[in-house]
Amino acid sequence: MPVGTARTCMNGLNALSGVGLLTVPYALSEGGWVSLALLAAVAAACWYTGILLCRCMDADDAIRTYPDIGERAFGRTGRLLVSAFTYVELYLVATGFLILEGDNLDKLFPGARVTLGTVSLAGKRLFVVLVALVVAPTTWLRSLGVLAYVSATGVFASVVIVLSVLWAAAVDGVGFSGRGTTTPLRIAGLPTALGLYIFCYGGHPMFPTLYTSMKRKSQFPKMLVICFLLCTLNYGAMAVLGYLMYGDGVLSQVTLNLPSARLSSKVAIYTTLLNPVTKYALVVTPIAAAVEERIRGAAGKGARAVSVAVRTLLVLSTVAVALALPFFADLMALVGSMLNVAVCMLLPCACYVRIFGAPSMSSVEAVAIGGILVLGSLVAVTGTYYSVMKIIHELV
């Protein structure tokens, strides 16, 4: 059913409002104050590539999804490429949810331990497993309508988190005197900062659905401007707040710095914990559906059992990755640099040029697309390298 511009705008805000909000203070500390300009540049680039995706959809009425755009541009290979990047991104985001939950629950309940026979789990590892047990049944649902409705609170939750952090600084005595907040630019930290900034704008797989759902599709560019502007203001406010409060000492998730005894801190942390729990199933369902589609013929009458088994194994695999790589900021920077940059910057430009052809573009379009391709390629190479090196360093 077609929906109005206001509702689509709310859905767009929800698509762009995520756990990246917690990492932007850390990203700012990595890149320095000048990197805020890069946050704005990334937002502008991702907004423009969102427009390009919609133009690609207008080229063929049969196009309904992002993989459809890939197939229209590059055939079967294009569909597989877009799908692969999207599914791996979703998988690692789901893994990041578990890491985030484990980190924040460990802050709320330090020293927690459970022993069953010879097996003992404590701290972050314990909470990763417990959260997985909670979210696993939600992945078995065929209809996620209720979860989709609950996850729409993401927009409100993002605002609540920022206001809670502001309250902690201005009222609860944390203040704005973080160490190292005078550094204008840190070249070495820019790849990590850019990867985390791009991670914040990873809503492109949902844009085609939003576009096709609109009653007045001509309003989509305007709606997209509003979504990106409001989200960028929210991300920028959180980055500045967290960095001024904790400076170089800001952690990968700013909620881990907050004094746990304060009410404002508890509000921020509990609000942070809510979103991943409600969104986990929504994130992993497209992956599960793709796997089930491949084995549907072999399942026969046991299709329901196969579906539950596939989704349970998917949850267990994300638990294994979360326990093996419990580095939230580094993992999300890797997702941003390697996957989001492809899905949100490189592939939209490549598909647009392939579908419409370079000769049909204006000089302004050519410059904009060329600039995005250069920026995206640079971030993909340097950001992925630095993120992988940091993860390896943490493991060693």
Side-chain angles (χ1 to χ4, degrees), residues 17-30 93-115 120-135 153-154 157-179 196 199 238-239 241-280 318-319 321-333 390-391 394:
S17 300
V19 295
L21 183 68
L22 305 179
T23 67
V24 284
Y26 177 76
L28 181 56
S29 73
E30 286 286 297
V93 168
T95 303
F97 283 166
L98 296 180
I99 298 172
L100 180 147
E101 296 282 309
D103 289 346
N104 283 279
L105 284 170
D106 184 52
K107 179 177 178 62
L108 287 176
F109 307 103
R113 175 181 293 273
V114 171
T115 301
S120 180
L121 286 174
K124 299 176 184 179
R125 299 171 69 88
L126 168 65
F127 291 116
V128 166
V129 173
L130 291 179
V131 170
L133 292 174
V134 171
V135 300
T153 60
S158 296
V159 176
V160 169
I161 291 171
V162 174
L163 293 178
S164 298
V165 173
L166 176 61
W167 185 276
V171 178
D172 285 345
V174 175
F176 300 98
S177 56
R179 300 185 309 276
L196 291 172
F199 173 74
M238 176 61 97
L241 275 175
Y243 190 39
L244 286 177
M245 290 167 67
Y246 298 107
D248 292 340
V250 67
L251 299 176
S252 61
Q253 305 156 52
V254 69
T255 48
L256 299 180
N257 287 99
L258 297 175
S260 55
R262 298 291 186 176
L263 177 61
S264 60
S265 303
K266 293 184 182 297
V267 170
I269 294 173
Y270 281 117
T271 306
T272 296
L273 292 173
L274 175 65
N275 270 351
V277 169
T278 59
K279 288 185 176 180
Y280 184 94
T318 59
V319 170
V321 176
L323 294 178
L325 303 172
F327 319 117
F328 182 78
D330 295 335
L331 186 62
M332 294 306 100
K390 291 183 76 171
I391 290 174
E394 294 283 355

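Note that this is a predicted model, so its numbers are computed, not measured.
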Shortest non-hydrogen pair, I99 vs A322, comes out as CG1-CB, 3.8 Å
Stepwise side chain to side chain contact (heavy atoms under 4.5 Å, CB included) test for V93 and F199: CA-CA 10 Å; V93 168; F199 173 74; 3.8 Å; yes
Measuring only between side-chain heavy atoms, which start at C-beta, is V174 closer than 4.5 Å to Y246? yes
Let me confirm one number: the OG-CD1 distance from S164 to I269, rounded to the nearest 0.5 Å. 10.0 Å
S260 backbone acceptor or donor facing K266 side chain under 3.5 Å: yes
Sorted by chain and residue number, the ring-ring contact (aromatic ring centres under 6.0 Å, His included) partners of F97 (sequence neighbours excluded) come out as none
Hey, does F127 have a side-chain heavy atom less than 4.5 Å from the side chain of L98? no
Please find the pair of heavy atoms, one from M238 and one from V24, that lie closest to each other, and give the distance. CG-CG2, 3.8 Å
Smallest heavy-atom separation, A132 atom then V319 atom, equals CB-CG2, 3.3 Å
Could I get the full list of side-chain contact (heavy atoms from CB on, under 4.5 Å) partners for L163, not counting sequence neighbours? V159
What's the separation between atom NZ in K390 and atom CG in L331, rounded to the nearest 0.5 Å? 12.5 Å
Write down the atom of T23, the atom of F328, and the distance for their closest heavy-atom approach. CG2-CE2, 3.2 Å
Tell me which donor-acceptor pairs under 3.5 Å the side chains of residues 100-110 have, and how far apart each pair is, sequence neighbours excluded?
unit_1: D103; atom_1: OD2; unit_2: Q253; atom_2: NE2; d: 2.7
unit_1: N104; atom_1: OD1; unit_2: T255; atom_2: OG1; d: 2.7
unit_1: N104; atom_1: ND2; unit_2: L100; atom_2: O; d: 2.9
unit_1: N104; atom_1: ND2; unit_2: Q253; atom_2: OE1; d: 2.7
unit_1: K107; atom_1: NZ; unit_2: L256; atom_2: O; d: 3.1
unit_1: K107; atom_1: NZ; unit_2: L258; atom_2: O; d: 2.7

Go through the steps to decide whether M332 and L196 satisfy the test side chain to side chain contact (heavy atoms under 4.5 Å, CB included), and finish with yes or no. CA-CA 6 Å; M332 294 306 100; L196 291 172; 4.0 Å; yes
Could you walk me through whether Y280 and T318 pass side chain to side chain contact (heavy atoms under 4.5 Å, CB included), step by step? CA-CA 11 Å; Y280 184 94; T318 59; 2.6 Å; yes
For residues 157-168, which residue pairs qualify under salt bridge (charged side-chain N to carboxylate O under 4.0 Å, His left out), counting only residues two or more places apart or in two chains? none
Where L21 and S158 come nearest, the two heavy atoms and their spacing: CD2-O, 3.5 Å
By side-chain contact (heavy atoms from CB on, under 4.5 Å), which residues pair with V321, not counting sequence neighbours? Y91, T95, L325
Who are the side-chain contact (heavy atoms from CB on, under 4.5 Å) partners of R179, not counting sequence neighbours? none
Taking every heavy atom of A329 against every heavy atom of Y26, the minimum-distance pair comes out as CB-CE2, 3.7 Å
Between L130 and L121, is the side chain to side chain contact (heavy atoms under 4.5 Å, CB included) condition met? List the steps. CA-CA 10 Å; L130 291 179; L121 286 174; over 6 Å; no
Donor-acceptor pair, T271 side chain versus A157 backbone, under 3.5 Å? no
